[in-house]
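A quick write-up on the structure given underneath.
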Amino acid sequence: MTRNAEPRRAALALLLLVPALGPLSYLLAEALRAQELAAWFLHYLRGSFTAQLLTSLQLGVEALSVALLAGVPPALALARRRFAGRGLVAPLMLAPLLFAPYVTVGLWSTGFAAGWWEGLHGLALQQGLACAPYVFILFRVAAARLPSSLGELAAALGAGPWTRLWRVQLPLLAAPLAASCLVVLALVLGDYAAAARLGIATLSVGIHTLWLASQSSQLAALLCLLLIGPVLAFVALATWAGTRLISQNPLTPAAGAVRLRPLGPLAGLALWLGVLVVFSLGFALPEWLVLQGLQTAAAARTRWASLPSDAWNAAGTALLSAAIALLLALALLALLRPGARAGWIERLPWLFLANLALPSLVLALAFLMMSADGSLGARLLGEARDSRLLISTAEALRFFPLLMLPLLDALRRLTPGHIELAQAFGDPPWRARWRAFAGHGLPALGLGLALVLLESLRSLDLSLTLQPFGYSAPPLKVYAFSREQMMDRAAPWVLVTQALMLPAWTYLAWRMLRLGERPDASH
């Protein structure tokens, strides 16, 4: 397939290298030129680097454990079992998406006197609860396509429950487990705002602090070399696993849809207890604190004159980010072929994972340096440099993997046979491709766009670094007020952000409930 690739596809594949690795390559080139800053670099390595690295790793492992424990059982139960209140599981599990981690951290630290919430373990719990919806989504999508026939066959052959779990079910769930680890670790280890709010010296916070202290973007680029190498190695491993270990044509949702079996009383009680804990700590209690703060701010007659313009800025930035991500998705659709073997063209889109795996400050630094005064980027952008374009482009590149992964999964399930079947019924080629794609690709595209919108609306790190003069948005206001211990003043902007997120969140919850179900699945 690689040798016979058409020149147009090869040219498009090479063109996608620009957004996939362009910012990272520029940053790498600038870091290699900063030889005079080697003394700073060595001083950091011999000083606080090791402690910050260990802190980051501990935070990531603890948050990942919380996210897996909270997100996996409800996802599997929703896909396989019938129980009372089943329709409420998805909305309750996805509710923490309406809070960014830095907001939850600020609410808990100001709303309660317990110092435990301000330590590393408290941050790990809050980050894990914030990431649990992503684990829930990944396992819900995977479980909807896993047929129960394999487990039933193993049971008929005499395999017990633990044997079926270890020998049959866990290997089938290896892909969502790997994807969950990637997404959770990327979001947790790349976070700056939440850890900095509590004064916890993670690696991301340490690099950002040294960058501000030295006022040298080249030194920050040099420090990013510590992260670029391991991330590229990880992306190479993920690319190999995604294109070689995972089948090019996995089971279709129809094969995975099964008749739901009843859930036992004790298992149902344990499931609902876990769901309510996630909902309470991840959404209900923080929302109660926000409403309490709103009453305090209203009583103090706080001025909210900038609220409409801030909401418009956030909505405009998020929509522009989603539009850029959609353009990249369309290029991806033009690049890949249904059922094609994994040549270099099919592997190239996985390089976008580097933008998610790296901390957001790395991407922000690259855009900042590429558009600096007097640079080629500044001349090409012109007045657009002082708009929301830089923020939206950086957010689109960072969150595009959240759209790319569902789309790649849908394309793997779209075989040439689907198109040939549509053509056999008289459809022209373009309509046959559209009809085949609509069944698998459009739901995945909608799911990915909803995730991009949600993350862009609640994102802070990129806009904190790339905001143009006079730009203001709810996340920036919330962060500014939380640093001054005034979460009551931040409450209106938190609620406005949640209102903007609600349409995408509602669509996401609906998709998770209906995913892979047949009309008779509830009987």
Side-chain angles (χ1 to χ4, degrees), residues 97-107 110 191-194 196-197 208 211-212 286 289-291 293-294 296-298 300-325 360-361 363-365 367-368 371-373 378 381-399 452-505:
L97 284 177
L98 295 174
F99 276 104
Y102 66 91
V103 179
T104 309
V105 163
L107 289 169
T110 56
D191 174 78
Y192 163 75
R197 173 67 178 79
H208 194 274
W211 174 12
L212 294 180
L289 292 173
V290 168
L291 295 177
L294 182 66
T296 303
R301 297 183 180 180
T302 302
R303 295 181 178 180
W304 302 332
S306 63
L307 205 58
S309 61
D310 287 355
W312 171 252
N313 284 337
T317 300
L319 290 174
L320 183 56
S321 300
I324 296 172
S360 55
L361 71 90
L363 199 59
L365 174 63
F367 273 81
L368 201 63
S371 61
D373 293 338
L381 290 172
E383 296 182 357
R385 188 185 65 158
D386 298 324
S387 67
R388 62 169 61 95
L389 180 61
L390 284 182
I391 301 176
S392 296
T393 305
E395 288 182 350
L397 293 185
R398 174 162 171 76
F399 301 132
V452 172
L453 280 171
L454 286 173
E455 280 297 336
S456 180
L457 284 169
R458 73 177 194 170
S459 176
L460 170 71
D461 296 358
L462 290 169
S463 60
L464 196 62
T465 305
L466 299 173
Q467 58 180 307
F469 180 77
Y471 180 85
S472 179
L476 297 173
K477 287 288 181 61
V478 173
Y479 182 69
F481 285 132
S482 66
R483 294 185 66 181
E484 302 297 330
Q485 302 290 331
M486 294 188 297
M487 289 304 297
D488 55 335
R489 298 278 299 275
W493 280 267
V494 173
L495 294 176
V496 165
T497 302
Q498 291 178 342
L500 294 174
M501 296 168 69
L502 200 56
W505 180 89

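- Closest approach of Tyr102 and Ala193 over heavy atoms only: CB-CB, 3.7 Å.
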- Message: Using the rule given for side chain to side chain contact (heavy atoms under 4.5 Å, CB included), can you reason through Leu291 versus Leu495, listing the C-alpha separation, both sets of side-chain angles and the distance that settles it, and then say yes or no?
- Response: CA-CA 9 Å; Leu291 295 177; Leu495 294 176; 4.3 Å; yes

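- Ala311 and Val496 make their closest contact through CB-CG1, 3.5 Å (heavy atoms, listed as atom of the first residue, atom of the second, distance).
- Legend: residues meeting side chain to side chain contact (heavy atoms under 4.5 Å, CB included) with Ala315, ordered by chain and number and at least two apart, are Leu500.
- For the atom pair CG of Leu454 and CG of Leu98, the computed distance is 7.5 Å after rounding to the nearest 0.5 Å.
- In this structure Ala318 satisfies the side chain to side chain contact (heavy atoms under 4.5 Å, CB included) test together with Leu453, Ser456, Leu457, sequence neighbours excluded.
- Residues meeting the side chain to side chain contact (heavy atoms under 4.5 Å, CB included) test with Leu464, sequence neighbours left out: Tyr192, Leu460, Gln467, Leu476, Tyr479.
- With a 4.5 Å cut-off on side-chain heavy atoms, Ser472 and Lys477 count as touching.
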- Kindly determine whether Tyr471 and Thr317 satisfy side-chain hydrogen bond (donor to acceptor under 3.5 Å, both in side chains), including the steps that lead there. CA-CA 11 Å; Tyr471 180 85; Thr317 300; 2.7 Å; yes

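- Pairing each heavy atom of Ala364 with each of Leu466, the nearest pair is O-CD2, 3.6 Å.
- Partners of Ser459 according to the side chain to side chain contact (heavy atoms under 4.5 Å, CB included) rule, which considers only residues two or more places apart in sequence or in another chain, are Glu395, Phe399.
- Ala396 approaches Ser321 most closely through the heavy-atom pair CB-O, 3.4 Å.
- With sequence neighbours excluded, no residue satisfies ring-ring contact (aromatic ring centres under 6.0 Å, His included) with Phe367.
- In this structure, the side chains of Arg388 and Pro468 stay at 4.5 Å or more apart for every pair of heavy atoms.
- Between Leu381 and Ser371, the closest side-chain pair of non-hydrogen atoms falls below 4.5 Å.
- Note: Leu368 CG to Leu462 CG = 11.0 Å, rounded to the nearest 0.5 Å.
- Atoms CG and CG, from Asp461 and Asp191 in turn, are 6.0 Å apart once rounded to the nearest 0.5 Å.
- Legend: residues meeting ring-ring contact (aromatic ring centres under 6.0 Å, His included) with Phe99, ordered by chain and number and at least two apart, are Phe283.
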- Show your working on side chain to side chain contact (heavy atoms under 4.5 Å, CB included) between Leu107 and Val290 and close with a plain yes or no. CA-CA 8 Å; Leu107 289 169; Val290 168; 3.6 Å; yes

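- Looking at heavy atoms from C-beta onward, Asp386 lies out of side-chain contact with Phe469 at the 4.5 angstrom threshold.
- What you find for Ala491 and Gly293 is that their closest heavy atoms are CB-C, 3.9 Å.
- Nearest heavy-atom pair across Trp493 and Ser306 is CZ2-OG, 3.6 Å.
- Taking CH2 of Trp505 as the reference point, atom CG of Leu97 lies at 9.0 Å (rounded to 0.5 Å).
- Rounding to the nearest 0.5 angstrom, the gap separating the CG atom in Leu363 from the CZ atom in Arg398 is 7.5 Å.
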